[in-house]
Number of protein chains: 2
Amino acid sequence: QRQPKEPPQALASVGPSDREAHSGTQSSHRLLAYSDALISIIATVMILPVAHTKVEDNEVQFLRQSVQLLLTTKIAVYLMTFLIVSVAWAAHIRLFQVIVRIDDCLALLNLACMMLITFLPYTFSLMATFTENVLGILLFCGCVMVIGVIQSLIVLYAFSRPFLLNEQIQISENQNYYKHHILQVIMRVPIMCFFASIFSFIFFQLSYVLLAIIIFLPYISQCLKWCRSKAIGKHRILQELDSMLFYTYLPNEPLSKDRVEAFSDGVYAIVATLLILDICEDNVPDPTVVQKQFGGSLIAALQVYGPEYLAYFGSFATVGLLWFVHHSLFLHVTKTTRFMGLLNTFSLAFVGGLPLAYQLTHEFPRNSRNELEAIQISCVIVFFAGIFQLAIWVVALYNQQETLHPYVRYGGREHEFMLAKLALYPCVALGTFFLTCILSKFSAPIFHLMEITVPFAFLVLRILVRIGLALLRLIFCPDRPDPRTVVEEEGDETRVPFNALVT
Amino acid sequence: QRQPKEPPQALASVGPSDREAHSGTQSSHRLLAYSDALISIIATVMILPVAHTKVEDNEVQFLRQSVQLLLTTKIAVYLMTFLIVSVAWAAHIRLFQVIVRIDDCLALLNLACMMLITFLPYTFSLMATFTENVLGILLFCGCVMVIGVIQSLIVLYAFSRPFLLNEQIQISENQNYYKHHILQVIMRVPIMCFFASIFSFIFFQLSYVLLAIIIFLPYISQCLKWCRSKAIGKHRILQELDSMLFYTYLPNEPLSKDRVEAFSDGVYAIVATLLILDICEDNVPDPTVVQKQFGGSLIAALQVYGPEYLAYFGSFATVGLLWFVHHSLFLHVTKTTRFMGLLNTFSLAFVGGLPLAYQLTHEFPRNSRNELEAIQISCVIVFFAGIFQLAIWVVALYNQQETLHPYVRYGGREHEFMLAKLALYPCVALGTFFLTCILSKFSAPIFHLMEITVPFAFLVLRILVRIGLALLRLIFCPDRPDPRTVVEEEGDETRVPFNALVT
């Protein structure tokens with residue numbers, strides 16, 4: 001749950017000079033939800049130029065080349081934008097884990113920051129289209145620098161009104177140390193961008209190197225710190241532990257679970273509706289065209305769009321079910337770490353490409369080489385989206401005491417069921433991929449069958465898992481054949497670790 | 001706050017046969033957040049065909065006509081879709097105020113329901129484009145019927161597992177009565193759609209009347225009930241009060257505040273980014289075009305798009321600030337009623353048209369009649385979006401004991417400040433509108449000045465309000481000229497109602 005709105009009585013303990021300022025203090029809950037919604041839209045926006053690249057039917061022979069062109073430029077731009085925006089989003093989370101309450105001024109500063117973040121994808125795509133032109137780099141660096149300055153302003157403002165801060169910092173003695181550490185971390189990025197923009201005039205390749213360093217800065221600085229702590233020794237580590245409650249960049253640094261969920265919800269919602277946006281805009285036929293070309297028969301006119309509807313329902317169902325799996329997983333996750341957030345970002349980046357892939361599967365003539373390729377690409381995308389979700393759970397299992405609900409830990413009563421849920425899509429996608437390789441003639445029917453059966457598989461998954469487990473036990477432990485005993489047994493098994501771990 | 005996830009221990013009191021089913025029970029929090037995100041996208045989607053209608057420069061003389069055509073058809077479709085989708089959304093809220101916990105099966109049924117709701121705008125726009133064709137009506141009615149059937153399934157499923165229900169129903173004796181009442185309310189709509197689809201074959205005008213009745217059904221049934229209670233008398237009202245904890249359709253029936261906020265956040269976020277979606281897709285110039293037409297100068301090529309960037313920043317800032325006002329208002333709203341939800345929907349419907357209006361202001365040649373009209377339309381839209389927000393507060397003030405935080409009630413310490421926040425945009429929009437009427441030659445500079453000054457006005461609003469109040473007191477109560485005393489006085493004033501009302 002997000003920080004609940006504190007009752008005004010709780011603030012009575014603060015000095016009278018602070019009181020007036022308090023009357024404008026608010027819970028940051030909705031500001032963050034709105035920011036998450038904005039950022040999730042922006043992260044997925046660069047898929048639109050990819051999706052709207054028309055693959056023309058009359059150049060089928062060049063399609064391989066055209067698909068490759070599409071893959072190399074626009075998809076790369078999409079993935080990089082997704083990465084850049086999620087880095088900005090992670091920085092935003094980190095900032096508002098320190099500042100837990102806001103006032104009007106902070107809300108307005110945050111909106112200004114959001115405006116620039118939503119402009120980042122455009123500057124980046126300019127940079128990617130005109131690689132040798134200075135202007136793209138300058139615009140991108142300019143945006144990042146202004147964002148950095150606004151975030152520093154936010155930090156300075158919040159530290160001048162300590163009741164806005166996280167309680168741990170509020171009661172901490174070295175508040176100033178925190179302030180300087182956070183400012184230092186935040187300002188690193190705009191300063192490097194400043195150098196990148198200067199270098200762009202002299203030797204523009206160098207600025208790309210600098211920008212790449214910025215994105216991987218957390219990981220690099222983490223490495224450097226690790227090396228230093230190895231070199232200097234123990235007292236250094238102790239000092240670090242003291243200072244680094246926030247902005248640690250450790251892989252197990254907590255990341256607000258609510259915000260990860262809100263961001264994921266936003267991305268899934270946008271992606272699920274991407275195709276209906278297109279359909280609503282383009283696929284309402286013109287009355288005069290219907291009159292002339294189809295003799296006034298609306299049904300005949302709409303039949304032309306048949307594949308689009310199929311693609312919409314297919315992609316909505318797949319994205320919806322991937323959301324469902326994500327939802328089930330995060331229901332049992334008790335703490336989100338930075339590494340889990342990174343895996344989640346990868347999964348979402350693949351989900352973003354899904355509608356496009358599904359649309360392609362229906363656009364080509366039946367049994368063509370392109371149709372087969374489009375179907376296989378769809379399977380690969382579904383596979384990776386699912387596999388990264390599974391990876392989140394596997395990573396969480398490594399530190400299960402902290403990050404998972406007892407039900408889904410190893411030995412928990414929902415453990416196998418969760419595994420089945422997470423593994424269903426990757427397995428089905430892999431199966432479909434290989435089936436289409438072997439039976440390439442029937443690739444389309446196989447794919448459609450997959451689309452139709454998976455939702456029903458999810459509906460009866462609990463029963464399937466129980467049957468599967470009973471069968472496994474029947475094979476490996478034939479001395480306990482009664483499934484009723486098995487279920488009882490299961491109940492016993494789970495109660496032991498549950499009690500042992502909670503109490 | 002949404003229903004927090006109950007700890008598993010809380011379920012221990014339920015009988016052993018229910019236990020297994022419980023292990024799959026989940027908080028509905030995220031499902032509803034995802035549904036809200038989907039519905040808010042779908043509600044605003046029909047603005048895209050309006051926004052992408054190209055107003056060509058070379059037919060400026062026909063523009064009046066073309067703008068009127070645009071107003072009558074596409075905008076009507078947009079507004080009606082918004083209304084229909086928000087009716088579906090209100091029904092969804094009502095349903096999940098009864099069902100407060102979910103399991104996998106309900107989650108999947110809800111996703112199926114969502115898929116059909118997202119398809120509604122398309123069927124409606126088909127119906128609006130081909131008014132005399134049966135197919136549009138049939139598709140629309142078909143969708144609504146299937147949605148109704150799925151929702152009935154959800155109700156039946158939830159009532160067969162009472163631990164999923166709202167606690168008040170769970171402990172109620174007449175659970176069956178509730179079930180039948182809710183099913184009856186839900187099935188009314190698909191049954192009427194069934195008749196509408198049958199009538200469409202015989203006399204299609206009648207089906208439009210039926211569909212209009214469906215949308216206004218809650219209000220009609222409310223009227224009928226009121227008349228009946230007047231006619232039959234007191235004992236009837238008592239029975240009603242007993243049965244009507246949910247699905248009352250009274251204007252002060254509570255509407256989940258979280259969901260109103262989530263839906264509004266979604267709409268504001270989509271609307272704020274509508275223009276950047278277009279910019280990212282269309283306004284990255286082609287390298288070959290830049291080489292040929294602009295001699296390789298990217299700056300010159302981008303200058304062509306100047307107005308688009310301006311429109312983006314203007315609309316983002318306006319939508320962001322309207323969100324900010326909404327956020328401030330709902331921070332102090334403690335209970336949302338159906339009537340407030342309706343006003344909120346109207347406000348959001350106007351907000352949805354904002355990007356389009358802002359884009360038009362920059363698309364015409366300077367000082368043309370069209371530019372003036374576009375600017376005035378923008379002002380009107382901003383005015384209505386703001387005035388409906390103000391109306392929410394006014395309605396809340398009528399029942400302030402229940403619906404408002406003491407701070408913003410009449411006499412509360414933030415009362416004047418909230419009024420200033422809510423009144424700022426309507427006042428500024430009205431002022432700009434009349435200024436552009438008088439000084440039509442300077443309409444563009446006036447409009448830009450408005451766009452730039454409003455954010456700063458919000459930043460210093462607290463100071464402005466204090467100065468304004470001090471001035472007012474100076475004029476009307478000249479015996480207390482010291483502003484310091486006035487501030488003290490204010491503090492006293494507020495503490496009295498606050499304590500009186502809370503304790």
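Chain letters run A, B, ... following the sequence lines, proteins first and then strands; every chain starts at 1.
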Output the distance between atom [atom1] ([X]) and atom [atom2] ([Y]), rounded to the nearest 0.5 Å.
X	Y	atom1	atom2	result
F458(B)	C105(A)	CZ	SG	13.5 Å
I270(B)	L277(A)	CD1	CG	8.0 Å
Y34(A)	E261(B)	OH	CD	14.0 Å
D103(A)	R462(B)	CG	CZ	8.0 Å

Pick from L298(B), L38(B), T273(B) with the largest number of heavy-atom pairs that fall under 4.5 Å of chain A: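 So the answer, after comparing L298(B), L38(B), T273(B), is L298(B).
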Look at V45(B), I299(B), I41(B) and state which one has the largest set of heavy-atom pairs under 4.5 Å with chain A.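 Option with the greatest count: I41(B).
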What closest approach, in Å, do [X] and [Y] show between heavy atoms, and which atom pair accounts for it?
X	Y	answer
L302(B)	L126(A)	CD1-CD1, 3.6 Å
P285(A)	T129(B)	O-CG2, 4.1 Å
Y312(A)	M115(B)	OH-O, 3.7 Å
L111(B)	G320(A)	CD1-O, 3.4 Å
K421(B)	D104(A)	NZ-OD2, 2.8 Å
A107(B)	F324(A)	CB-CE1, 3.7 Å

Residues in side chain to side chain contact (heavy atoms under 4.5 Å, CB included) contact with V77(A), at least two apart in sequence or another chain: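 Checked V77(A) against side chain to side chain contact (heavy atoms under 4.5 Å, CB included); matches are M46(A), T81(A), F124(A), S125(A), A128(A).
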Would you mind checking which part of V290(A) comes under 4.5 Å of any heavy atom in chain B, side chain (CB onward), backbone (N, CA, C, O), both or neither?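 Looking at V290(A), just its side chain touches chain B.
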What part of [X] gets closer than 4.5 Å to chain A, counting heavy atoms only: side chain, backbone, both or neither?
X	result
Y268(B)	both
A317(B)	both
A272(B)	side chain
L31(B)	both
F313(B)	both

Going through the checks in order, is the side-chain contact (heavy atoms from CB on, under 4.5 Å) test met by L321(B) and L108(A)? CA-CA 8 Å; L321(B) 290 171; L108(A) 292 170; 3.4 Å; yes
Stepwise side-chain contact (heavy atoms from CB on, under 4.5 Å) test for L331(B) and H29(A): CA-CA 10 Å; L331(B) 211 63; H29(A) 161 81; over 6 Å; no
R30(A) and S328(B): CA distance, side-chain angles, deciding distance, side-chain contact (heavy atoms from CB on, under 4.5 Å) verdict: CA-CA 10 Å; R30(A) 236 191 111 186; S328(B) 302; over 6 Å; no
Identify which of V460(A), L109(A), I279(A) forms the greatest number of heavy-atom pairs closer than 4.5 Å to chain B.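 The option with the most such pairs is I279(A).
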Identify which of I276(A), V134(A), L461(A) forms the greatest number of heavy-atom pairs closer than 4.5 Å to chain B.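 The option with the most such pairs is I276(A).
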Aromatic centroids of F119(B) and F316(A) separated by under 6.0 Å: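 Judged by ring-centre distance (under 6.0 Å), F316(A) and F119(B) do not meet the cut-off.
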